Novice: 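Next up is a structure, given as structure tokens.
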Amino acid sequence: MKHKCPICKAETDSAVHADFPFCSERCRDRDLGNWASEKYVVSEPTFDEEDVAENKRNTIVLPLDDDLESSNDPEH
């Protein structure tokens with residue numbers, strides 16, 4: 001997958017760059033620093049805080065396989 005580095009805009013490729021979508025470890029670290037210094041922020045909550053307080057969130061519960069004995073992983 002080809003993409004442009006979100007920091008320096010250099011071309012990146014997921015098959016070549018271990019730090020994809022960044023072009024280098026330096027750009028990846030700069031992005032992390034931007035989050036840590038609050039240069040980036042989430043503009044609004046993804047849920048209504050009042051609904052959370054009142055426990056009215058819409059939740060999807062997915063069924064899980066209860067039979068762990070049939071797992072392909074011999075350790076579990």
Side-chain angles (χ1 to χ4, degrees):
M1 169 184 243
K2 293 190 179 190
H3 190 67
K4 287 194 178 198
C5 176
I7 300 297
C8 71
K9 308 302 183 214
E11 291 286 328
T12 63
D13 187 345
S14 60
V16 177
H17 295 99
D19 297 300
F20 186 82
F22 305 102
C23 66
S24 65
E25 183 177 2
R26 178 178 176 268
C27 283
R28 184 185 64 191
D29 288 345
R30 284 187 62 198
D31 184 71
L32 180 60
N34 288 341
W35 282 105
S37 67
E38 297 183 357
K39 183 176 178 181
Y40 302 148
V41 295
V42 177
S43 61
E44 60 185 62
T46 58
F47 54 85
D48 187 356
E49 291 180 20
E50 291 176 9
D51 289 345
V52 172
E54 297 172 9
N55 209 12
K56 293 183 179 178
R57 292 185 304 183
N58 292 333
T59 304
I60 298 173
V61 178
L62 300 174
L64 299 175
D65 185 8
D66 291 331
D67 186 10
L68 295 177
E69 296 299 321
S70 66
S71 173
N72 290 335
D73 185 358
E75 294 181 17
H76 294 99

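What you see is a predicted model, and the numbers here were worked out from it, not measured in a lab. We're numbering straight along the sequence, starting at 1.
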Novice: Does the side chain of C5 come within less than 4.5 Å of P21's, by heavy atoms?
Specialist: no
Novice: Only counting residues at least two apart or in another chain, list the ones meeting salt bridge (charged side-chain N to carboxylate O under 4.0 Å, His left out) with D13.
Specialist: none
Novice: Quick one: name the residues clustered hydrophobically with F20, using the 4.5 Å side-chain heavy-atom rule over I, L, V, M, F, W, Y, and just say none if it's on its own.
Specialist: M1
Novice: Among residues at least two apart in sequence or on other chains, which ones pass side-chain contact (heavy atoms from CB on, under 4.5 Å) with K9?
Specialist: none
Novice: Go through the structure and list residues passing side-chain contact (heavy atoms from CB on, under 4.5 Å) with E11, not counting sequence neighbours.
Specialist: K4
Novice: Taking transitive links into account, so neighbours of neighbours count too, which hydrophobic residues share a cluster with W35 at under 4.5 Å side-chain distance?
Specialist: I7, F22, Y40
Novice: Which salt bridge (charged side-chain N to carboxylate O under 4.0 Å, His left out) pairs, counting each pair once, include a residue from residues 18-29, with sequence neighbours left out?
Specialist: D19-R28, E25-R28
Novice: Where do C27 and C23 come nearest, in terms of heavy atoms and distance?
Specialist: SG-SG, 3.7 Å
